[in-house]
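So you know, we letter chains A, B, ... as the sequences are listed, proteins then strands, and number each from 1.
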Amino acid sequence: MKPLYLLKPVAILLFIFLFDKIFFLPAVKEQTVVWYQIEPLIYESRDDLLNVITEKYPLYNREKKTGLILGTSRSGAFKCDEISGQIGNAVTWNFSAPLAGTAWHNYWLHRILDKDIKLSYVIIEADPLLFTNEALTYPLTYSFDTKYVLANLDLSLFGNDPEKGFSFDAAETFFLKNSFALYKYPFNISHIKENHKEIMIPGENNTIQITNGIKFKENYAIKINEINRSKFGSIPNDIQMPVTPEMLKKDALNSFIKFGLMNFQASTTQTRLFRNTLETLAKNSIPAVIYRPPMTYELDELVRASKPNMAMIADIEKMVADMKIKYPASQLVYMDLQNDKDLKCRTFNDSYHLSGICYDEVSSILTKKLKSAFLLQQ
Amino acid sequence: MRFTTLSFLLFFLVVYFIYWNTASRRKLLLIFITSLVFYAAWSIPFMFHFLLIVAINYYFINYRYTTNSDRRFNWIIGLNLANLFFFKYFYFFLLFLLDITGLKIFAADEFNKVLFDRTGFTHIILPLAISFYTFQLIAFQVDVKRNLIKEQPSFIEFAVFILFFPQLVAGPIVRHSEFFYQLKEIKPDEKQIMTGAYLILLGLVKKILIADNMGSYITNTFQNPGAYSGISSVLAIAGYSVQVYNDFSGYTDIARGLGRMMGLELPENFNGPYLSKSLSELWQRWHITLSTWIRDYIYIPLGGSRATPFRSSLNLIATFTAAGAWHGANYTYILWGLAHGLILTLERYVTFPVPGSKTLNRLFTGVKVFYTWSVFTLLIILFNSPDIQRAWDMTKMIFTAGDGIEMKNRETILQLLVLTFILNYFQKNDLQNRLFLKFKWTGLVIAGLLCLFLLGRFAPGGSTFIYFQF
């Protein structure tokens, strides 16, 4: 290419691209990802969880039913052994993660089924939050894989192929995040400083432990791996946070705005992949309860006043009903826990998250539904 | 393909390599093909539609040159306007009829049902770039009629002029005199390539870092003005003045940067507009190619300033009302244009006294700059509100200092506002180009790295350019 200066912009771009790769190195990531950002650790730990299931499944399969929970941090708090006990002769695995939307659930459902793991029951969380573009942010950054994104990429003329999930924009974001380290793990000097500061965290037996951010992350990663083995992926939260009605009211509005519910518009990617999830469950005759989790009264008021949100809730129920009509042998049931009179415990840590003390009752309601609606065959 | 995407980066890298390894005489064909590919990435059927419009326009140009007759001039102008009207204003026209008559047959949903039953299409889609390419086509046809274009261009030259992908989607609206002479021989120039790369980086920073982030802070306020406080509404409109400048100026920078990297110079669209001392001056510095277009093809043909003062004022108001309508098929845009026309007319008759002392003069300049920016920003209520009702709600909130949700990110909004004025200063005094030439290639490496760090840290989800919707 003559003259040679024409190559200079390309050479600069190449240099910047290669320089960026330094920030993918584990030793560098350890410094740049701030200790309180635990989402990458949780999302990335799900590969380990799948390895645990794959390893243990041959043993369990002979004796027990295998169940799956797919949700956000709200479902992450379910105690798997409790659910397994309520179902009876079962082992339940929890593939929930913070702000993980329906696309992410679809991804893990397919990865698990691709390992020839026969599922006896599935509990899936579904409300408008999981259908937002906000709920795609973490999965696009810390999860999915190229094969899945390409297989589900909508390349139709006007982006309206109902069989495909990922819009071109969503796929672009995925590839951008995986091509440029600084886009996936942004560089912030204050984060590096935070990681080396002393922090105090609750230790065992009501003690306070002094550590630093780097060690906290190391220990947290080890803890998640242990949890994958001992608690089957759950991250139960037994803490009852002291909240006042004023705090909950303020939090309701903040959450309503922050998570994209104020101007709610369902993401095409999330909606199509949710439909695909339902279809996969229906085709494989896997019993599933699709549930709308409870929220605070203050947040529910905002949701009720919002036509797009209410339309989405109705749509979710309709999608389940339509799937049952399409596949009469399917075993899908929808439950709206927000309006369920059986759920008495309604103590919240924030607008979205029930206190840990309520989870026994919630899991009991869900498992009762599973058992009464379906014959849980092995 | 948006300029700020990975797919566009890969597309342009391939184009750049092939382009500069292609003989000069074949470059036009390459631009033609790659521009079609660029448009087809959005929609293949509409690429054919676009090509057909270009071909029909060329047919009429050819007729004019071979027969020297303007008999068919009105036909081609009418066809271009009809094309624009059908795709862009049809639903607005239905809404207008519905508002006037109250008859349900004029409801968009009813029309769409019939459209779907008869054709299988769910609605009329707005073709990408239609507003921009229509204006460019009309300008060319008028210039041919006015004998301003002596030499008939070849089809390829004409097609490249209209289709050139860096400026295709949202301008600048290019005139023949600014572009054709460059097509005779396209040669690389080191300074041009280098400053082109700098401009692309600057555009990315303006668009992604400033405009996209600002959009995420303020969108909710425009969508739900009744819920937000008066102060939040003021911050929202100030924020939008930041967003729209950085979005559009950023896009123009990228477009011009891409053009320069292909050896072609595109006109600047902004010249420090927020440092203008009157709305009249602002329109000489804001979306320059649009304002010169409406001056040359609407205002002057209507009589311009050569008519009586009353008629001249009407011409100005009509021109800007049309400019408002060009921006979008909504009453709000028309009112926005009308408001600008009225204020511009008022400015003709109201003159501010010039203070004697230098200090007072400087102070007064500051007041005038503040006045201009404030008027422009207040009228943003009409420009960016989804409908008249919400525009009214926002106006009420601002002027009654209403209570409501307090917007977060206040400090960031104000910081970005200050940064925007600094960028305006750099632009107005051509400082950015001087800096590019001073720091050369080494500076570009550092700028590239800085850009990467900043974009990685601060880039939000990413959104389309505001002017793409027009």
Side-chain angles (χ1 to χ4, degrees), chain A residues 1-17 19-20 23 32 133-134 136-137 140 155 157-160 168-191 250 253-254 256-258 260-265 302 305-306, chain B residues 1-2 4-10 13 16-17 19-21 41-46 121-122 125 187-191 193-194 196-198 200 219-220 222-224 227-228 261 263 405 407-408 440-442 444-449 451-464:
Chain A
M1 206 163 166
K2 282 183 183 169
L4 279 177
Y5 62 73
L6 286 171
L7 285 173
K8 283 186 182 175
V10 182
I12 291 172
L13 184 64
L14 188 63
F15 168 72
I16 291 170
F17 183 73
F19 178 84
D20 170 81
F23 294 87
T32 58
N133 278 315
E134 280 76 1
L136 261 181
T137 307
L140 285 174
L155 290 169
L157 225 46
F158 295 113
N160 54 7
F168 210 77
D169 276 352
E172 279 264 1
T173 303
F174 171 78
F175 289 116
L176 205 54
K177 298 264 184 188
N178 284 280
S179 305
F180 289 94
L182 283 168
Y183 199 30
K184 187 167 182 165
Y185 305 114
F187 181 83
N188 185 340
I189 290 181
S190 64
H191 285 179
K250 201 173 175 187
L253 187 59
N254 287 339
F256 193 64
I257 296 169
K258 183 178 163 187
L261 297 185
M262 191 176 207
N263 296 310
F264 177 77
Q265 218 174 345
L302 292 170
S306 159
Chain B
M1 256 188 279
R2 296 201 309 268
T4 52
T5 59
L6 193 60
S7 49
F8 182 78
L9 173 64
L10 296 170
L13 273 174
Y16 183 79
F17 261 115
Y19 186 76
W20 289 116
N21 279 305
W42 173 71
S43 162
I44 295 174
F46 274 108
F121 289 106
T122 54
I125 295 167
K187 276 198 301 194
D189 176 272
E190 186 171 359
K191 273 190 197 154
I193 300 282
M194 184 185 69
Y198 266 114
I200 292 171
T219 301
N220 274 343
F222 280 97
Q223 295 290 331
N224 310 276
Y228 284 83
M261 289 190 77
I405 303 170
M407 211 158 51
K408 293 188 191 307
K440 300 192 170 70
W441 290 107
T442 313
L444 187 62
V445 176
I446 297 166
L449 284 170
C451 208
L452 179 68
F453 278 105
L454 289 174
L455 291 178
R457 170 111 183 260
F458 295 112
S463 59
T464 40

If we define contacts as heavy-atom pairs under 4.5 Å, which of L136(A), D20(A), N133(A), T137(A) has the most with chain B?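 With the most close heavy-atom pairs to chain B, the winner is D20(A).
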Straight-line distance of R457(B) CZ to T32(A) OG1, nearest 0.5 Å: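 With rounding to 0.5 Å, CZ (R457(B)) is 12.0 Å from OG1 (T32(A)).
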I need the I189(A) CD1 to F453(B) CZ distance, nearest 0.5 Å.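 The distance works out to 9.0 Å.
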Top contributor to chain A interface from L454(B), V445(B), L455(B) [non-hydrogen pairs under 4.5 Å]: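 Greatest number of close heavy-atom pairs with chain A: V445(B).
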Identify which of T219(B), T5(B), L444(B) forms the greatest number of heavy-atom pairs closer than 4.5 Å to chain A.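 Most heavy-atom pairs under 4.5 Å with chain A: T5(B).
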Tell me, for [X] versus chain B, whether the close heavy atoms (under 4.5 Å) come from the side chain, the backbone, both or neither.
X: Y5(A); result: both
X: I12(A); result: side chain
X: F187(A); result: both
X: L140(A); result: neither
X: Y185(A); result: neither
X: F175(A); result: both

Student check: side-chain heavy atoms of L452(B) and F17(A) closer than 4.5 Å: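 No. Closest side-chain heavy atoms not under 4.5 Å.
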For [X] versus [Y], what's the shortest heavy-atom pair and its separation?
X: M262(A); Y: I405(B); value: CE-CD1, 3.9 Å
X: I193(B); Y: P9(A); value: CG2-CG, 3.7 Å
X: L6(B); Y: E172(A); value: N-OE1, 2.9 Å

Using heavy-atom distances under 4.5 Å, tell me whether [X] contacts chain A through its side chain, its backbone, both, or neither.
X: L13(B); result: side chain
X: M194(B); result: neither
X: N21(B); result: side chain
X: F458(B); result: neither

Do other residues, nucleotides or ligands put more than 12 heavy atoms under 6.0 Å from the CZ atom of F8(B)?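 Buried by this count: over 12 neighbours within 6.0 Å.
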Can you tell me if E190(B) has over 12 outside heavy atoms packed within less than 6.0 Å of its CD?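 Count over threshold, so yes.
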Please assess F17(B) against L6(A) for the test side-chain contact (heavy atoms from CB on, under 4.5 Å), listing each intermediate value before the final yes or no. CA-CA 9 Å; F17(B) 261 115; L6(A) 286 171; over 6 Å; no
